[in-house]
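This report concerns only the one structure given below.
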Amino acid sequence: GNALRGNIFMERAFLHDYFFSSWARVMNLRSSQRPSAVAYQCCEEAALELFRTLDGRGWGVRTKQHIPKRTTVVEYRGILLSEEQGVRNEQLYDSRGDAHCYMFWFRARGLQMCLDATASSHVSRYINHSRKRPNLMPRLKMKMVAGLERPHIIFKAKVDLEPGMELLFDYGDKRREVVAANPWLLE
């Protein structure tokens with residue numbers, strides 16, 4: 001498969017240590033006991049729409065209305081996984097020959113985690129990459145869910161977003177071997 005390991009959103013993503021917060025009790029729960037995804041308060045998702053890109057990148061997400069700079073635009077929705085489970089899921093997707101998986105990798109208090117949106121149809125998994133002109137910035141926020149602090153990845157507008165603008169962010173992977181295999185990461 002086209003599996004990439006590291007910090008590419010949609011193909012794999014990673015947020016740097018400066019987004020860390022505490023949520024240790026979540027890690028001690030079996031996956032069946034972990035709280036389900038809860039939306040982080042943000043602009044109305046009705047303000048966003050999926051569309052087919054004209055340049056062959058597949059699906060993208062664009063705005064349907066003005067969204068001011070620094071507004072929380074959307075939350076990345078997926079199943080919260082430990083590093084071990086995330087790696088197992090990647091291996092499963094690779095073994096099945098899946099061309100894409102939607103794993104958003106991040107660190108929280110020194111622990112590598114991911115949100116796996118591969119089985120999701122939520123709009124957030126379709127946000128495309130741009131290293132040169134990103135208009136969203138991912139952030140890790142903590143929220144209390146069922147008495148536990150749970151990490152949420154949200155996207156904030158870096159600029160005022162006008163109707164019809166495609167949402168983009170820098171997937172962040174600059175490793176030489178990954179960029180060589182995926183030159184579109186330079187765009």
Side-chain angles (χ1 to χ4, degrees), residues 1-45 48 50 59-61 71-96 98-129 134 136-157 167-173 175 178:
N2 287 341
L4 306 174
R5 179 73 177 116
N7 57 343
I8 300 178
F9 168 80
M10 295 199 190
E11 307 279 21
R12 314 297 184 263
F14 177 84
L15 293 175
H16 300 284
D17 291 347
Y18 57 87
F19 295 126
F20 291 171
S21 284
S22 172
W23 65 283
R25 290 190 344 181
V26 171
M27 289 306 302
N28 294 324
L29 297 176
R30 291 189 308 266
S31 61
S32 63
Q33 296 174 307
R34 289 193 187 130
S36 60
V38 174
Y40 191 85
Q41 192 167 7
C42 59
C43 80
E44 294 294 319
E45 289 176 14
L48 307 177
L50 286 176
W59 291 101
V61 181
T71 299
T72 299
V73 177
V74 67
E75 176 184 1
Y76 189 79
R77 304 265 183 97
I79 299 168
L80 179 64
L81 301 174
S82 67
E83 179 178 21
E84 297 78 25
Q85 184 60 50
V87 169
R88 280 195 298 271
N89 282 15
E90 285 184 328
Q91 291 169 346
L92 172 65
Y93 302 144
D94 287 344
S95 72
R96 293 189 318 207
D98 293 355
H100 303 283
C101 65
Y102 299 84
M103 314 269 293
F104 194 110
W105 289 93
F106 62 97
R107 282 191 169 285
R109 297 196 62 128
L111 297 173
Q112 181 87 11
M113 298 296 300
C114 76
L115 287 170
D116 183 355
T118 303
S120 171
S121 60
H122 190 263
V123 66
S124 59
R125 84 173 210 177
Y126 299 100
I127 300 171
N128 284 318
H129 166 77
L136 296 179
M137 174 62 77
R139 295 282 186 240
L140 176 72
K141 296 290 182 178
M142 303 305 289
K143 186 172 183 173
M144 292 300 289
V145 178
L148 298 173
E149 207 171 28
R150 185 183 190 282
H152 291 260
I153 303 298
I154 60 169
F155 290 97
K156 293 241 182 212
L167 300 180
L168 303 164
F169 85 101
D170 184 353
Y171 293 179
D173 202 325
R175 294 172 297 158
V178 174

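In this text the structure is predicted, and so the values were computed from the model without any measurement. Numbers here simply count residues along the sequence, with the first being 1.
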Atom pair OH (Y76) and CZ (R125), whose distance is rounded to the nearest 0.5 Å | 7.5 Å
Rounded to the nearest 0.5 Å, the NE2 atom of H152 sits from the CG atom of L140 at a distance of 9.5 Å
Verify side chain to side chain donor-acceptor pair (under 3.5 Å) between R88 and Q85, making sure each step is shown before the conclusion.
-> CA-CA 5 Å; R88 280 195 298 271; Q85 184 60 50; 2.7 Å; yes
Considering all heavy atoms of both residues, which atom of G60 and which atom of N128 are nearest to each other, and what is their separation?
-> CA-ND2, 3.5 Å
So, do V74 and H122 sit near enough that their side-chain heavy atoms are less than 4.5 Å apart?
-> yes
Please test E149 against M144 for side chain to side chain contact (heavy atoms under 4.5 Å, CB included), starting from the C-alpha separation and ending with a verdict.
-> CA-CA 4 Å; E149 207 171 28; M144 292 300 289; 3.9 Å; yes
Going from CD1 on I127 to CZ on F169, what distance comes out if it is rounded to the nearest 0.5 angstrom?
-> 7.0 Å
At their closest point, which heavy atom of G86 faces which heavy atom of C114, and how far apart are they?
-> CA-SG, 3.8 Å
Heavy-atom distance under 4.5 Å between the side chains of R139 and I153, does that happen here?
-> no
Test E83 against L111 for side chain to side chain contact (heavy atoms under 4.5 Å, CB included), laying out the working first.
-> CA-CA 8 Å; E83 179 178 21; L111 297 173; over 6 Å; no
Which heavy atom in F104 sits nearest to a heavy atom in F106, and how many Å separate them?
-> O-CD2, 3.6 Å
From CD (E75) to OG (S124), nearest 0.5 Å = 7.5 Å
Shortest non-hydrogen pair, L115 vs G78, comes out as CD2-O, 3.7 Å
Within a strict 4.5 Å, meaning less than it, do heavy atoms of the P138 and I154 side chains meet?
-> no
Report the distance from atom CE of M103 to atom OG1 of T118, rounding to the nearest 0.5 Å.
-> 6.0 Å
Fit a plane to each ring of W59 and Y126, take the angle between them on a 0 to 90° scale, and name the class: parallel (under 30°), tilted (30 to 60°) or perpendicular (over 60°).
-> perpendicular
Judged by atom type as modelled, is there a donor-acceptor pair below 3.5 Å linking the side chain of T71 to the main-chain atoms of V73?
-> no
Test D116 against E90 for side chain to side chain contact (heavy atoms under 4.5 Å, CB included), laying out the working first.
-> CA-CA 9 Å; D116 183 355; E90 285 184 328; over 6 Å; no
When rounded to the nearest 0.5 Å, the distance separating CG of D170 from CE of M137 is 8.5 Å
Q112 and W105: which non-hydrogen atoms are nearest, and at how many Å?
-> NE2-CE3, 3.2 Å
Under a 4.5 Å cut-off applied to non-hydrogen side-chain atoms, are L136 and L168 in contact?
-> no
